[in-house]
Visitor: 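My structure is below; once you've seen it, I'll send some questions.
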Amino acid sequence: MLRQAVRRVAALGVGACAGVGACAGVHAQSLAGPPRANKEIHELEFRVSAAMAEKFDAWLPVYLKGLLELPGLLGAKILKPLKPAATKPAVIFVLGGPGAGKGTQSEYIVNKYGYVHLSAGDLLRAERKSGSAQGQLIDEYIAEGKIVPVEITVKLLMNAIEANGGKRFLVDGFPRNTNNLSGWQQVTGDRLRVMGVLFYDCPEEVMEARLLERGKTSGRTDDNLESIRKRFRTYTNETQPILAYYEQQGLVHKIDGTREVEEVWAETQDVINAFEQELLEEPPVTFRVHLHANESLLPFSARVARDVLKEWGEGTVQMSAASYSVSDSIKAFGLDALRSFD
Ligand SMILES: Nc1ncnc2c1ncn2[C@@H]1O[C@H](COP(=O)(O)OP(=O)(O)O)[C@@H](O)[C@H]1O
Ligand SMILES: Nc1ccn([C@@H]2O[C@H](COP(=O)(O)OP(=O)(O)O)[C@@H](O)[C@H]2O)c(=O)n1
């Protein structure tokens, strides 16, 4: 039977790294005792900022392949995550009554921050125009100011999200009722990260005047007084409860939409800047590697620390290392480590 004595390691400060020159910024650990002749597993742990995780994931196997040329190194295995969940795409919902300024502000956000703008209304109008079987149905719902069944809308949204491959989405005019909300939750599960809701608050008389003005050139079948009033009813009865739902979760950022476009934009930027900050502060992703070797930990870990620092710079990747020597007991080992003997 294998006996594997775990030789946990003492922390090695930056000072102790000085001999290897490039250790600063990478936290390494060394063996507490003299190296043994046994086969050893060196466990390296890399904590990588979420923003860089995908790139690190691509780099690591290539780097390890090169490292295997070193004498004394018998094998290498990446344990966790084998494929880190790519940072989830972030979604911001943009809500507000018809004519509150959702589309206008979304365009500004896209121009400054590079978000992908998905307007549920635009997607439905495009689908209507495509002459598909559901075109007629969408047409009737829009003219009546009613909310199209979610099966149609969520499919259009998800197709657009998947086709785009982007990381940050503004979903404008959605979810607009409980049917929208439950359909979205059912389809997206936890694949996307809902950051919050931008809510443009505007009284009906202001929105009505804007929409009548927009109707002179928009060519929209619903920018007429009759449809506008129906849309207002739908908004009050069906969309406001959705806002209340997200408000309870502390996700709603209410912005007074009655002011000049530039003033509304100034406040919108404050909210988006806060979201951006939150995204930067995502927890790091941890990668673990087992190196199988005949040698003691220090030469390898110092070498890897130096290479990581050279490739990734200060502060992006935090590394720590531990060593296990393999002899005749498996008790001290976790399954992960055992697998690495495959
Ligand atoms: N803050 C604002 N002040 C005055 N007019 C605005 C403002 N924001 C948007 N508009 C105008 O009002 C109309 C409706 O705006 P839009 O962004 O299309 O609203 P929504 O997407 O919420 O329906 C557009 O003609 C737009 O140019
Ligand atoms: N989630 C959505 C969004 C829009 N729509 C339809 O599209 C119409 C126009 O929505 P929009 O967001 O483009 O425009 P506004 O009403 O906000 O000005 C709505 O009145 C609905 O008929 C929908 O059915 N479901």
Side-chain angles (χ1 to χ4, degrees), residues 4-87 280-326 332-334 336-341:
Q4 297 166 344
V6 178
R7 283 195 282 148
R8 263 293 161 190
V9 293
L12 191 73
V14 170
C17 273
V20 247
C23 276
V26 179
H27 172 67
Q29 294 179 319
S30 82
L31 284 171
R36 293 186 195 171
N38 284 334
K39 184 176 173 183
E40 294 195 328
I41 293 182
H42 304 315
E43 184 172 291
L44 308 179
E45 196 169 282
F46 305 93
R47 285 163 59 81
V48 184
S49 66
M52 302 307 285
E54 228 169 310
K55 281 190 184 143
F56 189 85
D57 183 43
W59 173 83
L60 188 59
V62 179
Y63 169 69
L64 290 176
K65 206 167 165 214
L67 200 67
L68 283 172
E69 317 249 305
L70 290 179
L73 199 52
L74 307 171
K77 187 154 185 167
I78 301 170
L79 294 184
K80 215 163 58 178
L82 292 173
K83 270 259 171 245
T87 314
L280 280 178
E281 286 163 5
E282 272 187 284
V285 178
T286 301
F287 294 78
R288 285 195 302 145
V289 168
H290 278 179
L291 299 177
H292 307 169
N294 288 324
E295 303 284 326
S296 70
L297 171 69
L298 193 54
F300 288 122
S301 66
R303 159 76 188 249
V304 175
R306 211 167 43 219
D307 293 345
V308 164
L309 183 69
K310 191 166 160 226
E311 181 72 25
W312 295 94
E314 293 262 353
T316 316
V317 180
Q318 297 295 313
M319 181 186 132
S320 58
S323 170
Y324 305 88
S325 87
V326 182
F333 260 108
D336 278 344
L338 282 177
R339 278 195 213 106
S340 73
F341 283 97

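Along the sequence shown, the residues carry numbers beginning at 1.
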Visitor: Would you call Lys55 and Trp312 a side-chain contact if the rule is heavy atoms closer than 4.5 Å?
Guide: yes

Visitor: Determine, stepwise, if the pair Thr316 / Phe46 fulfils side chain to side chain contact (heavy atoms under 4.5 Å, CB included).
Guide: CA-CA 10 Å; Thr316 316; Phe46 305 93; over 6 Å; no

Visitor: Please report the closest heavy-atom contact between Phe300 and Ala293, naming both atoms and the distance.
Guide: CE1-CB, 3.4 Å

Visitor: Which atom pair, heavy atoms only, marks the closest approach of Ala53 to Val285?
Guide: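 The pair with the smallest heavy-atom distance is CB-CG2, 3.6 Å.
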
Visitor: Return the CZ to OG distance between Arg288 and Ser320, rounded to the nearest 0.5 Å.
Guide: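 Here the rounded value is 10.5 Å.
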
Visitor: Could you pull out all residues at least two apart from Leu67 that satisfy side chain to side chain contact (heavy atoms under 4.5 Å, CB included)?
Guide: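 Per chain and number, Leu67 pairs via side chain to side chain contact (heavy atoms under 4.5 Å, CB included) with Tyr63, Leu64, Leu70, Leu73, Leu291, Arg303, Val304, Asp307.
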
Visitor: For residues Leu68 and Leu74, report the shortest heavy-atom separation together with the two atoms involved.
Guide: CD2-C, 4.4 Å

Visitor: If I take atom CG from residue Leu44 and atom NE2 from residue His290, how far apart are they, to the nearest 0.5 angstrom?
Guide: 8.5 Å

